[in-house]
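A short write-up of the structure that comes next.
Since this is a predicted model, take the numbers as computed values, not measurements. Counting convention: from 1, in listed order, for ligands and their atoms alike.
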Amino acid sequence: MNTNRNQALESLYREVQQCTRCVLHTGRTFAVPGAGPIDADIMFIGEAPGFHEDQQGIPFVGRAGQFLNELLEKNGIDRKKVYIGNVIKCRPPGNREPKQEEVDACLPYLERQIELVNPKVIVTLGRYSMALAYKDEKISVIHGQPRKVSGRIYFPMYHPAAILRQPSLTPIAEADFALLRNVLAGNVEIEEFAPPPQVEQLAFF
Ligand code: URA
């Protein structure tokens, strides 16, 4: 069974690597489709590749990635067992924020990744991936507040790069990760979230 899903994921990666759906393909060294096992229970979703990710074609390998690794390790989460993806698969020039048309062009890839991996928990890192699951909400308000929607847990967190830029967020991020660890251990009861009508438009839900 996993063989078919792995093949589907590999074929998605090849599509991403050859993608020309938006202007970002013109400046990329490598597209960064995502990484991790097909049967991962947990998926982390960041924003877009930075310099090092573009050079290597692998998500979260630069400074923010090292910091993410530290947070994972401190909380006993094995990076090899998690799936890591991004909303945008090609590096925006100068690491500028992704444009809406770029998000729209790239989103079908992420949706297919979520469908194939079918994780029990999705951790959104930063505003861009959060915005796909939480409409009109602020990360400063909802970070660290998991929600269950259709049986899947969504867990919004600050982006590691934001924490590096703003060190006062460090204890907050550490507390969020500690809670995530408890959620993964099944120690936290999370009620099914009753979404307001507008969330039906959202990608993840
Ligand atoms: N920041 C992201 O959002 N994704 C990466 O892959 C690297 C840095």
Are D54 and R28 close enough for a salt bridge, meaning some N to O gap below 4.0 Å?
no

Aromatic Y134 / basic R147 pairing, under 6.0 angstrom, 45° off normal
no

Taking distance alone, with N or O pairs closer than 3.5 Å, would you say G50 contacts ligand 1?
no

Could you label the plane-to-plane angle of the H143 and Y158 rings as parallel, tilted or perpendicular, counting under 30° as parallel and over 60° as perpendicular?
tilted

Relative to the heavy atoms of P59, which atoms of ligand 1 are at a distance of less than 4.0 Å?
6 (O)

Pull out every atom of ligand 1 sitting under 4.0 Å from any heavy atom of H159, numbered as shown with elements.
1 (N), 2 (C), 3 (O)

So V23 and E101, do their side chains get closer than 4.5 Å, heavy atoms only?
no

Return yes if some donor-acceptor pair links the side-chain N/O of Q145 with the main-chain N/O of I142 below 3.5 Å, else return no.
no

Top protein contact for atom 2 (C) of ligand 1, by heavy-atom distance:
A48 O, 3.0 Å

Quick note on ligand 1: atoms under 4.0 Å from a heavy atom of E47 include exactly 2 (C), 3 (O)

Just which atoms of ligand 1 are under 4.0 Å from any heavy atom in G46?
3 (O)

Closest approach of any protein heavy atom to atom 4 (N) of ligand 1, naming residue and atom
N86 OD1, 2.8 Å

Check the side chains of R181 and N187 for a donor-acceptor pair under 3.5 angstrom, ignoring hydrogens and angles.
no

